[in-house]
Amino acid sequence: MENFTSVPTDFNVFPFSYTADSPPFLSGLFSVIYLLGLLMNVLIVTLIYVDKQLHSPMYLFLCNLSLVDLCYTTTIIPKLLHILSSGNPKVSFRQCFTQVYFFFLAAETEDLLLFTMAYDRYVAICKPLHYHSILSKKVCTVYMVTIGFCAALNSSLITVPTMKMSFCNSTTIHHFYCDAKALTKISCAGREIFYLVIYFELFFFGLCPFLCSFWSYVKILQVIFHINSGEGRKKAFSTCSSHLIVIMLYYSTAALVYLLPPSKYSDILDQVFTLLYATVTPMLNPLIYSLRNKEVKTAVKRLLWSKS
């Protein structure tokens, strides 16, 4: 039998049971996902930066969401494409845990950002007269700095116990990146602290922001249903529908990764659902916001007309 040290120099990453003889369509699929996500998110960031009419708290948060989505996909896909194209599955210890750190950094930032965006919609619809005083430029800046600090701290708290696990059983990761959950499956010691930290993280940075976002939309719907004008009700709902779709798409797929019971298909299902919330959802977010938001579509037209 092959012996493994408790601190390996590298890991072998095998996405979707990939081998050197596997068909090349996986590489093409991930290339398309990455390029579309890159183009769409860069477009949103550029549009909000250039168009002064989009310099509002709502679009500040949307701009930061696009930057986080870029971090999500860039953390995972370039290294994955290298593995698929070269046929070399080796990932160094340092590369692996750098990937773990930035993945959780993006995940926690997105969780808190989605809640902040839900709160923004709550203030805009339920307290419109106080919107600019509650969400002033100074307050928004404090929000963004706090979100970044909390996400960085929490990511460190997860990455450190993951690094301290002993990997004496195997160095083969059945995933398309260095996933912390996949790493626990090949560890032989040190998982207890990791599970303690991850349950804490799922509660305070997963469930709590989701429940707060849910409660914000309960209050928003109560206000919308009391609006007498049909046009006013439609306009109020249209400002929230895009964000509501993004929240449901993100949390439903992310929850399935951690709530699915163990089975012989667990490895494949974990990869499929992680693929949805970590790569496909960041690609779809700009599309959802641009298609359902009149201000974004109008800003695109103004940008195109100014260039022409």
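Position 1 is the first residue of the sequence; numbering continues from there. These numbers were taken from a predicted model, which means no experiment stands behind them.
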Determine whether the aromatic ring centres of [X] and [Y] lie less than 6.0 Å apart.
| X | Y | value |
| --- | --- | --- |
| F203 | Y199 | no |
| F97 | F93 | yes |
| Y122 | Y217 | no |
| Y72 | F102 | no |

Side chains of [X] and [Y]: closer than 4.5 Å at any heavy-atom pair?
| X | Y | value |
| --- | --- | --- |
| F11 | L183 | yes |
| F61 | M144 | yes |
| L112 | P209 | yes |
| T116 | I147 | yes |
| Y34 | T279 | no |
| L135 | Y119 | yes |
| M283 | M40 | no |
| I173 | C96 | yes |

Would you say [X]'s side chain and [Y]'s backbone share a donor-acceptor pair under 3.5 angstrom?
| X | Y | answer |
| --- | --- | --- |
| T73 | D69 | yes |
| E108 | A152 | no |
| H174 | F14 | no |
| T281 | L276 | yes |
| S136 | H132 | no |
| K181 | V257 | yes |
| T46 | V42 | yes |
| H55 | I48 | yes |
| N41 | P282 | yes |

[X] side, atom [atom1]; [Y] side, atom [atom2] - distance, nearest 0.5 Å:
| X | Y | atom1 | atom2 | result |
| --- | --- | --- | --- | --- |
| N12 | D10 | CG | CG | 6.5 Å |
| L202 | D111 | CG | CG | 9.0 Å |
| F104 | N154 | CZ | CG | 8.5 Å |
| L38 | S31 | CG | OG | 12.0 Å |
| L105 | C150 | CG | SG | 11.5 Å |
| L114 | C212 | CG | SG | 12.5 Å |

Are [Y] and [X] co-members of a hydrophobic cluster defined by side-chain heavy atoms under 4.5 Å apart?
| X | Y | answer |
| --- | --- | --- |
| V197 | F205 | yes |
| F204 | L196 | no |
| V246 | L43 | no |
| I76 | L35 | no |
| M248 | F214 | no |

Task: Stepwise side-chain contact (heavy atoms from CB on, under 4.5 Å) test for Q271 and T274 - done: CA-CA 5 Å; Q271 292 180 70; T274 304; 5.8 Å; no

- [ ] Answer yes if the side chains of D51 and Y59 hold a donor-acceptor pair under 3.5 Å, and no otherwise.
- [x]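 No, no side-chain donor-acceptor contact under 3.5 Å.
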
Which atom names give the shortest non-hydrogen contact between [X] and [Y], and what distance separates them?
| X | Y | value |
| --- | --- | --- |
| H243 | A118 | CE1-N, 3.2 Å |
| S187 | M165 | OG-SD, 3.8 Å |
| Q99 | T75 | NE2-O, 2.9 Å |

Task: Basic-acidic side-chain contact under 4.0 Å: D179, K185 - done: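 No, D179 and K185 are not salt-bridged.
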
Tell me whether [X] at atom [atom1] has more than 12 heavy atoms from other residues, nucleotides or ligands lying less than 6.0 Å away.
| X | atom1 | value |
| --- | --- | --- |
| I193 | CD1 | no |
| H82 | NE2 | yes |
| Y49 | OH | no |

TODO: Show the numbers, then the answer: is there a ring pair (Phe, Tyr, Trp, His ring centres under 6.0 Å) between Y277 and Y251?
DONE: CA-CA 8 Å; Y277 86 84; Y251 279 109; 9.7 Å; no

Task: Residue that, paired with C140, satisfies side-chain contact (heavy atoms from CB on, under 4.5 Å) out of N64, L60, D120 - done: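 Only match with C140 under side-chain contact (heavy atoms from CB on, under 4.5 Å): L60.
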
TODO: Evaluate the side-chain contact (heavy atoms from CB on, under 4.5 Å) criterion for residues S156 and Y101: first the C-alpha distance (whole Å), next the side-chain angles of each, then the deciding distance (0.1 Å), finally the verdict.
DONE: CA-CA 7 Å; S156 299; Y101 176 82; 3.4 Å; yes

- [ ] Let me see the working for L275 and F176 under side-chain contact (heavy atoms from CB on, under 4.5 Å), right down to the final yes or no.
- [x] CA-CA 9 Å; L275 175 68; F176 56 85; 4.0 Å; yes

Task: Residues C178, V91; criterion side-chain contact (heavy atoms from CB on, under 4.5 Å); working and verdict - done: CA-CA 9 Å; C178 282; V91 177; 4.2 Å; yes

